Q: 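Here's a structure for you.
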Amino acid sequence: MIKITLPNGAIKDFNAPTVTAAQIAASIGPRLAKDAIGALVDGVLSDLNAPITKDAAVAIVTAKADDTNAMYLLRHSTAHVMAEAITQLYPEAKLAYGPPVDTGFYYDIELTEPIREEDFPRIEAAMAQIVTENRPFTRYEMPTSAALQKLAAQGNPYKVDNAQRALSQDPNAPISFYATGEPGKNWEDLCRGPHLPATGRIGAFKLASVAGAYWHGDASQQQLQRVYGMAFFSKAELDAHIHQLAEAKKRDHRVLGKQLGLFTISPLVGSGLILWMPKGGIVRQELENFMRIELARRGYNAVYTPHIGNINLYKTSGHYPYYKDSQFPTIKMKERDSGDESEYLLKPMNCPHHIQIYSAEPRSYRDLPIRLAEFGTVYRFEQSGELSGMTRVRGFTQDDAHLFCTPEQVEAELRSTVDMVLLVFKTLGFTDYQCRVSLRDPASDKYAGNPALWDQAEATLRKIVKEVGITSQEAIGEAAFYGPKLDFLVKDVIGRQWQLGTVQLDYVLPERFALEYTGADNTPHRPVMIHRAPFGSMERFTGILIEHFAGAFPTWLSPVQAIVLSISEKFLPYARGVVQQLTTTGIRAELDAGNDKIGAKIRRAREQKIPYLLVVGAKEQETSAVAVRTRKDQDLGPMPLKTFIEKISAEISDRLAEPAVIGPDANRHEVPA
RNA sequence: GCUGCUGUAGCUCAGCUGGUAGAGCACGUCCUUGGUAAGGACGAGGUCAAGGGUUCAAGUCCCUUCAGCAGCUCCA
């Protein structure tokens, strides 16, 4: 007798030594039996036909796109089907590892012959055949030694390795295989499962890309071919997903950056080096102005430091020995007079320069905290394969600052820097960010300084996070070499996560540079440093911002805030007057003096994501008005130019995220998106 | 850096098995002076990423370099 508890609390008794989830589903109803593809047995995802031998809580998993368990089964099983298809077509292929991932699945394969995207249709056709055959996924288990022997006989080192790793986790676990069909007859793979009941449950799939990937993610290991795919229960879901990918691509900052004239990259200047065009320059300038105001309010002092520094500075700081592989080569030179050799480095960080400013004068505890801020440009020689638009570059400007304080001041200063990061996110409407507490990996030797101070620093950061009340997760091994940090992460349109703002606590560099201040007791003390950058880098932040707003910046950031569109050339003089008045008020306004009809002008202005379109014709000219339209296709109708200027000015000065000019009839012509 | 892919007009792209370049948009001129998401006509624009090779002949085939894309690895 087995007692099964269902999710609604109902209890069903089965008078048999074992029962399967399939049988449970059948006992509830034919519809559920048909839709069932797996089960959660006491919370563990399991095969639909796995025998349940004792009392358990069972939830039937059905084929639904919003159920992560269902998608796991689907993607995992599709990975198997793809692997079978590939081994059919490439008998030499050695399978390594094929898991489901967030957006689909992949399989890592060792194969000398490259698989190309043009080979995908053949592979997909073979997969479709396997799906059509609707073969059951059949699990069977083998004792450890027999299984290892079997795998070794197949000559696939990866599968042997996988099995051994599984055993090292749990030496008593039996080793399981899954055949698509009949074991011994059909294709099979070492796998812990679970899977769909049969290949026929795979609705729609598509191979996405192929790329190299290292075995166990270790660059010194064999490089395998990784084939990515996506899978859904229905064609409609697959199509919707493909459509969504295409939509995301339109938000890509590299695409929008070109369309909107924000930035460019020239091979003649160098890859990974951003050239800010005039319109991108405005966005950056507005962001910097915003930050400067906040810095002034919080008692920061602006400083300026050069782009290069003597190599000895970075030897002292520790940057050079730790990271010399990712720096531009040094500049070596001979002094003309003395003939002495000296060597300079493009600065990879601003902190050593700021430290020199701190130590240029004797400091008293009464002076602290000292907060030195600079939009400091730094250079790092990233690997060529890492470069990506504005988000991963070789030269970038940090909205950097270094706070030098007494140990007692650390917490208050940290709290205020975290507040500043949160203010930036709030002002720009970022809600979908993550906070990562980046800690050292005690097993690694890359971290400098005294472990006791590290413990103290890490404890302080944990405390701050708790006090401020942000959700966060800890990441071992993500700390800077000189201290732990709080990193704020945001995803780009293709789901890659980027670090933006950062707050770092540092007991090491003050030690290395022997920084001091005189305490109330008239003896020297060592200050503590906080490194912080709310935007992180202007380049990366702007790139993410472009994607966040899909190019439609809030008015205060928009390169062009309003564009005047005249109905015909007759009204150009009035239109020019309107532009003049806007410009005089400090609003960035342009005139479209082209020979197009009003519809074409509107279309072009909206493509440029200009917040306000001001149509002027005879009626407006007579009444000193403008007919206001937003880029969202809201026709606000005519209003006195004076009123428009008042409203847009308030919207800009308050850095509002939403249009403030909207009147009573705001949405009357709005077209649903 | 590694694997695979890509590079043709300012932009997006076409150009089959080699026979010396094409579209749409943008741009310019002209016609039109038009009231809310593309008015019309004509025109100008290309060292086909760069360099080398094969060939009677290369945008097309091969090699090298540069740059970009996806992933891996890395990331102060």
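Reminder, nothing fancy here: chain letters follow the sequence lines and each chain counts from 1. As the structure is a computational prediction, the values presented were derived from the model and not from experiment.
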Q: Tell me: CZ of A:F571 to C1' of B:rG35, nearest whole Å?
A: 9 Å
Q: What's touching nucleotides 41-45 of chain B from the protein side, N or O pairs under 3.5 Å?
A:
none

Q: Under a 4.0 Å heavy-atom cut-off, which of residues 596-608 of chain A touch RNA chain B?
A: A:K597, A:I598, A:G599, A:A600, A:I602, A:R603, A:R606
Q: Look at the side chain of A:K258 and decide which nucleotide, out of B:rC11, B:rU32, B:rG4, has an atom nearest to it.
A: B:rC11
Q: Partners of A:Y158 by side-chain hydrogen bond (donor to acceptor under 3.5 Å, both in side chains), sequence neighbours excluded?
A: A:E110
Q: Is the phosphate of B:rA67 approached by A:S271 (side-chain N or O, under 4.0 Å from OP1 or OP2)?
A: yes
Q: Counting only pairs under 3.5 Å, give me each side-chain donor-acceptor contact of residues 262-280 of chain A, with atom names and distances, residues two or more places apart or in other chains.
A:
{"residue": "A:S266", "atom": "OG", "partner": "A:L268", "partner atom": "N", "Å": "3.0"}
{"residue": "A:W276", "atom": "NE1", "partner": "A:E539", "partner atom": "OE2", "Å": "3.4"}

Q: Scan A:A208 against the nucleic acid and name what it touches under 4.0 Å (heavy atoms): base, sugar-phosphate only, or nothing.
A: nothing
Q: B:rG59: syn or anti, with syn meaning chi within 90° of zero?
A: anti
Q: Applying a 4.0 Å non-hydrogen cut-off, can you work out what A:E569 is touching in the nucleic acid: base, sugar-phosphate, or nothing?
A: base
Q: Distance between the C1' atoms of B:rA57 and B:rU20, in whole angstroms?
A: 9 Å
Q: To the nearest Å, how far apart are A:L111 CG and B:rG4 C1'?
A: 13 Å
Q: Could you provide the dot-bracket string of RNA chain B, using ( ) for intrastrand pairs, [ ] for crossing pairs and | for bases paired to another strand, with Watson-Crick or G-U pairs below 3.5 Å?
A: (((((((..((((.....[..)))).(((((.......))))).....(((((..]....))))))))))))....
Q: Quick check: on RNA chain B, is the nucleotide nearest A:K249 upstream (toward 5') of the one nearest A:I115, or the reverse? Name the residue that is more 5'.
A: A:I115
Q: Which nucleotides of nucleotides 70-76 of chain B have their base under 4.0 Å from a protein heavy atom (B), which only their sugar-phosphate (S), and which neither (-), written as one string 5' to 3'?
A: BBBBBBB
Q: Using distance alone, with no hydrogens and no angle criterion, decide if A:S537 and A:Q398 have a side-chain donor and acceptor under 3.5 Å apart.
A: no
Q: Suppose we call two aromatic rings close when their centres sit under 6.0 Å apart. Are A:Y320 and A:Y314 close by that rule?
A: no
